[in-house]
Enquirer: 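First the structure, which I've put down as structure tokens, then a few questions once you've had a look.
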Amino acid sequence: MYSLNGPSPDIAKNHQVRKKYTIQLGENELVLKELDLLNEDANVYKLIGPVLVKQDLAEANANVRKRIEYISAELKRLDGSLQDLEEKQHSKREAVQLRAAL
């Protein structure tokens with residue numbers, strides 16, 4: 001059982017995951033800006049395990065954009081989930097206060 005005054009464990013976990021995705025979004029946006037600065041003939045490498053693998057600039061650009069799109073969608077989903085969790089917690093708090101008033 002958790003305190004009705006503080007955040008529930010689900011809300012705390014949501015905030016933690018959201019923070020992780022927000023950091024990843026910022027990192028990926030920075031990578032995208034760096035990729036946009038490169039010439040079309042520039043060499044781009046991707047770290048896969050312990051190996052750097054050469055990657056086409058257009059492919060790297062597309063991959064980063066897809067990652068940004070995915071992370072943004074996850075952040076929207078987490079926002080909706082957080083709103084639902086907060087509404088549930090608020091209704092539980094009101095129910096407890098109503099019972100206490102009786």
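Computed from a predicted model, the values in this text were never measured in an experiment. The chain is numbered in sequence order, starting from 1.
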Enquirer: Taking the side chain from N28 and the backbone from Q24, do they hold a donor-acceptor pair closer than 3.5 Å?
Expert: yes
Enquirer: Going only through I, L, V, M, F, W and Y residues with side-chain contacts under 4.5 Å, is there a path from L30 to L25?
Expert: no
Enquirer: Using 0.5 Å steps for rounding, measure from the CD atom of Q89 to the CG atom of D10.
Expert: 9.5 Å
Enquirer: Just verifying a value: how many Å separate K92 NZ and Q97 CD, rounded to the nearest 0.5 Å?
Expert: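 Answer rounded to 0.5 Å: 14.5 Å.
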Enquirer: Atom NE2 of H15 and atom CG of L82: how far apart are they, to the nearest 0.5 Å?
Expert: 4.5 Å
Enquirer: The test is side-chain contact (heavy atoms from CB on, under 4.5 Å); show your working for N43 and K54 and say whether it passes.
Expert: CA-CA 7 Å; N43 291 326; K54 193 170 183 176; 3.0 Å; yes
Enquirer: How far does CD of E40 sit from CG of L57, to the nearest 0.5 angstrom?
Expert: 6.5 Å
Enquirer: A quick test of your reading: do over 12 heavy atoms of other residues, nucleotides or ligands sit less than 6.0 Å from CD of Q16?
Expert: no
Enquirer: As an exercise, state the distance from CZ of R65 to CG of L32, rounded to the nearest 0.5 Å.
Expert: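 Answer for the CZ-CG pair, R65 versus L32, is 4.5 Å.
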Enquirer: Using the rule given for side-chain contact (heavy atoms from CB on, under 4.5 Å), can you reason through L75 versus T22, listing the C-alpha separation, both sets of side-chain angles and the distance that settles it, and then say yes or no?
Expert: CA-CA 8 Å; L75 284 170; T22 302; 3.7 Å; yes
Enquirer: Is it the case that the side chain of N14 and the backbone of L78 share a donor-acceptor pair, with hydrogens and angles ignored and the cut-off at 3.5 Å?
Expert: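 A pair under 3.5 Å: yes.
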Enquirer: Does L47 belong to the same Ile/Leu/Val/Met/Phe/Trp/Tyr cluster as Y45, with side-chain heavy atoms less than 4.5 Å apart forming each link?
Expert: yes
Enquirer: Under a 4.0 Å threshold between the charged nitrogen and the carboxylate oxygen, would D79 count as salt-bridged to R18?
Expert: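 Result for this pair is yes, salt bridge flagged.
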Enquirer: If you group Ile, Leu, Val, Met, Phe, Trp and Tyr by side-chain heavy-atom gaps below 4.5 Å, do V31 and I71 land in one group?
Expert: yes
Enquirer: Using a distance-only test with no angle check, is there a side-chain donor-acceptor pair under 3.5 angstrom linking H90 and E94?
Expert: yes
Enquirer: Starting at NZ of K20, measure out to CD of E74 and round the result to the nearest 0.5 Å.
Expert: 9.0 Å
Enquirer: Counting heavy atoms not belonging to E69, are there more than 12 under 6.0 Å from its CD?
Expert: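 No, not enclosed.
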Enquirer: Main chain of I68, side chain of S72: is a donor-acceptor contact present, judged purely on distance under 3.5 Å?
Expert: yes
